[in-house]
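Chain identifiers are assigned alphabetically (A, B, ...) following the order of the sequence lines, protein sequences preceding nucleic acid strands; residue numbering begins at 1 within each chain. Keep in mind the model is a prediction, meaning the values are calculated, not measured.
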2 protein chains.
Amino acid sequence: MANIKEIARIAGVSVTTVSRVLNNHPYVKEDKRRAVLETVERLNYSRNINALHLLKGRTQIIGVILPMINHSYFGVMMEGIAQEALKSGYQLMVSQTSYQPEEEQRMLEMMRNKQIDGVIICSRSLPLEHLEAYNPYGPIVLCEEIGPRPMSSVFLNHYQCFQEGIRYLWNKGHSSIGYSISRMEGPSSSRRYEAYCDMHEELGIPVNPSWIYDHCLDIEDGVLLVRRMLEQADRPSALIVTSGQVAAGILLEAGRQGLRVPEDLALISFDNMPISEVLGITTMDNGIYTMGASAMSIADELIRGTTSSPMTKEIPFQLIERSTA
Amino acid sequence: MANIKEIARIAGVSVTTVSRVLNNHPYVKEDKRRAVLETVERLNYSRNINALHLLKGRTQIIGVILPMINHSYFGVMMEGIAQEALKSGYQLMVSQTSYQPEEEQRMLEMMRNKQIDGVIICSRSLPLEHLEAYNPYGPIVLCEEIGPRPMSSVFLNHYQCFQEGIRYLWNKGHSSIGYSISRMEGPSSSRRYEAYCDMHEELGIPVNPSWIYDHCLDIEDGVLLVRRMLEQADRPSALIVTSGQVAAGILLEAGRQGLRVPEDLALISFDNMPISEVLGITTMDNGIYTMGASAMSIADELIRGTTSSPMTKEIPFQLIERSTA
DNA sequence: ATAATTTATGAAACGCATTTCAGAGCAAGG
DNA sequence: CCTTGCTCTGAAATGCGTTTCATAAATTAT
């Protein structure tokens, strides 16, 4: 209710002095300082942060664009972002876009409007050129490999990651290898497909498109994958799957259907979630949490102006051998 | 870069006129309107929303307090909140508190600071009295039953819900019934315990505290629950579990350990997630999504001033019979 | 033709806190 | 004693868009 002017009036000082007290500036006589503090207390004053935002042109808010909040992949990433945001004193504004370009755009406009200081894009549907247009208004950090574009990005080398996964399965004696994708990782799924094809060529085994299972996001999708697979005459003997959740679903349904893992079906999952550990799922740890945290910390650096040019960070991956492959 | 003053200068009109054009007010001659629009376009003008926030004292932002983002329970709730926020034109500011009171407090302070128009508390650790102190600054909507306190809430009748679950299992012939809790639903877990005890008394069966499994949030916890349970000499024949995720974990591990469901272990899960459907898990649909959506819509109503007194909404639940109990 | 509206436009106030600038008072250094 | 340098304080400018109020011009009603 009360504003700084009223505090000044009642405490018998100028607004400048009040401001100084509130911001711990030096050069305020002890008695005035006390008078101000007391009035602030008495009137239960709280500063209107919007005035500050207007004045500074900054808000200490980062916008996060993601298609769906309730999904382990983005959940973990978000967790990383949130943790880092907390550390560096930012608030997060999330926009669940469902891949609607207008929603993504809206968040970018918020940056132009100075409502947020930067944007982290976990997954998008707007074209990169379009995003670039917003470069002047604040840092945009993408969670994907974007090549030589003037935006920052944190990414995983999906190609290599996949390559290594396939090689591992091959070395274990598998030559019919399938994989699941979630589709959401749009740009990266093509990189995976490349890796899949290239490796198959290198190893001299034919590619089988019906072993690529789309729309696999969660446990239930793993369950459904197994059911789909069992209807196929020709089945893969090993799978690389999108997430620990999907792997758990597969494991569950495989058990019900009498498929032994890894004997009848080998599995590598693509993130290192607690489930994977508990269930002993062989995993390619792709550090999504780190990815989120890095994205946030890059955004922070760019906003604070420590660095001005776009930054790029590759997140390392690591195969964790357990017992499903 | 450019502000409304500059637009006015260049277009040769007053700032008032520019504002009118921008807000589609009537009474602006067509030629001036065009001049303004053209200048806006040419200078790539975008209005500074912070000025508006300051002026209006409102931001169209709702703060969401939740302990962890990456958890199906809160994920679903958040999804409901987000969906409704989208509809009614709010942005969401999320704070992942990890149950740290300071973090919860920080968000409340943001409301006092006029940075957010209201707060939705999915789960909290601050005491209710403490929250009440923030009542004057905007609506606080809690996702739990709070009794006759002057705050809004959306809640589930955990007592009845649990009661019904136990009765169902009893009718199926079970007299050794256990349950899992996530602990996070702090206030509600005591209601459940009451229901558990009361029902046991009513049915004349003894309560067994070692059949209450704590810290069950996700698949892995379901897996671990089964392992814990198998170490017990005296085991429950039926379980009511916190979520579809946990149920899936139990199902998975039960299968591995040779426990048949529902013959050796009956299961009722406590939310109706896709997994539950795919896996045929008997479920008490507790409408968490609806809970989130309702919380948001109540917040909206209170902010818009449609209603001024606190609102309360009980979310209905419904038992969905499938094949695990 | 005169009164009553409606249309059109701009100046100024408002919301609020920070910061720059200028000036006054006082102590230390030469 | 005078200068230099702090310490302390407040007026005014700043950031920016909306809205109220006043005024003028153009219509419509009587």
Walk me through whether B:R106 and B:E109 qualify under salt bridge (Lys or Arg N to Asp or Glu O under 4.0 Å). CA-CA 5 Å; B:R106 196 204 306 231; B:E109 281 297 326; over 6 Å; no
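Between D:dT9 and A:K32, a contact under 4.0 Å exists linking OP1 or OP2 to a side-chain N or O. Contact check, B:S14 against C:dG10: a side-chain N or O comes under 4.0 Å of OP1 or OP2. Of the side-chain N and O atoms in A:Y45, none sit less than 4.0 angstrom from OP1 or OP2 of C:dC16. Between B:S19 and the phosphate of D:dT18, there is a side-chain N or O to OP1/OP2 separation shorter than 4.0 Å. For the OP1/OP2 pair of D:dT19 and a distance below 4.0 Å, the side-chain nitrogens and oxygens of B:K56 include at least one atom meeting the criterion. For C:dT18, the OP1/OP2 oxygens have a side-chain nitrogen or oxygen of A:N23 closer than 4.0 Å.
At whole-Å resolution of the value, NE2 in B:H53 and P in D:dT18 are 12 Å apart. Atom CZ of A:R34 is separated from atom C1' of D:dC8 by 16 Å (rounded to the nearest Å). What separates CZ of B:R9 from P of D:dC16 is a distance of 14 Å, to the nearest Å. Between the P atom of D:dT18 and the CG atom of A:N113 lies a distance of 11 Å, rounded to the nearest Å. Taking atom CG of residue B:N24 and atom P of nucleotide D:dT18, one finds them 11 Å apart after rounding to whole Å. Taking atom NE2 of residue B:H25 and atom C1' of nucleotide C:dA8, one finds them 14 Å apart after rounding to whole Å. In this structure, A:K5 places its NZ atom 12 Å from C1' of C:dA17, rounding to the nearest Å. For the pair A:Q115 CD and D:dG17 P, the interatomic distance rounds to 14 Å; values are reported in whole Å.
Checking D:dT18, C:dT9, C:dT19 against the side-chain heavy atoms of B:R47 singles out D:dT18 as nearest. Side-chain proximity of B:N3 to the nucleotides C:dC16, D:dG10, D:dC16 is greatest for D:dC16. Nearest nucleotide to the B:Y27 side chain, out of C:dA17, C:dA8, D:dT19: C:dA8. Closest to the A:L55 side chain, of the nucleotides D:dG17, D:dT19, C:dA17, is C:dA17. Distance from the side chain of A:A51 is smallest to D:dG15 among D:dG15, C:dT9, C:dT19.
Under 3.5 Å, the side chains of B:T16 and B:S19 contain no donor-acceptor pair of N or O atoms.
Contact annotation for B:V13: backbone-only contact, meaning every heavy-atom pair under 4.0 Å involves sugar-phosphate atoms and none involves a base. Across all strands shown, B:N50 has no heavy atoms under 4.0 Å from either base or sugar-phosphate atoms. In this structure, A:L52 reaches the sugar-phosphate backbone alone: every heavy-atom distance under 4.0 Å involves primed, P, OP1 or OP2 atoms, never a base.
Classification of B:E84 and B:K87 as a salt-bridged pair holds, one side-chain N sitting under 4.0 Å from a carboxylate O.
For B:T17 and C:dA8, a side-chain-to-base donor-acceptor distance below 3.5 Å is absent, hydrogens and geometry of angles not being considered. In this model, a side-chain donor or acceptor of B:R20 finds a partner on the base of C:dG10 within 3.5 Å.
Other residues, nucleotides and ligands place no more than 12 heavy atoms under 6.0 Å from the CD atom of A:E41. For A:E314, the CD atom sits in a packed shell: over 12 heavy atoms of surrounding residues, nucleotides or ligands are nearer than 6.0 Å.
Using cut-offs of 30° and 60° on the angle between ring planes, the pair B:Y134 and B:H130 is parallel.
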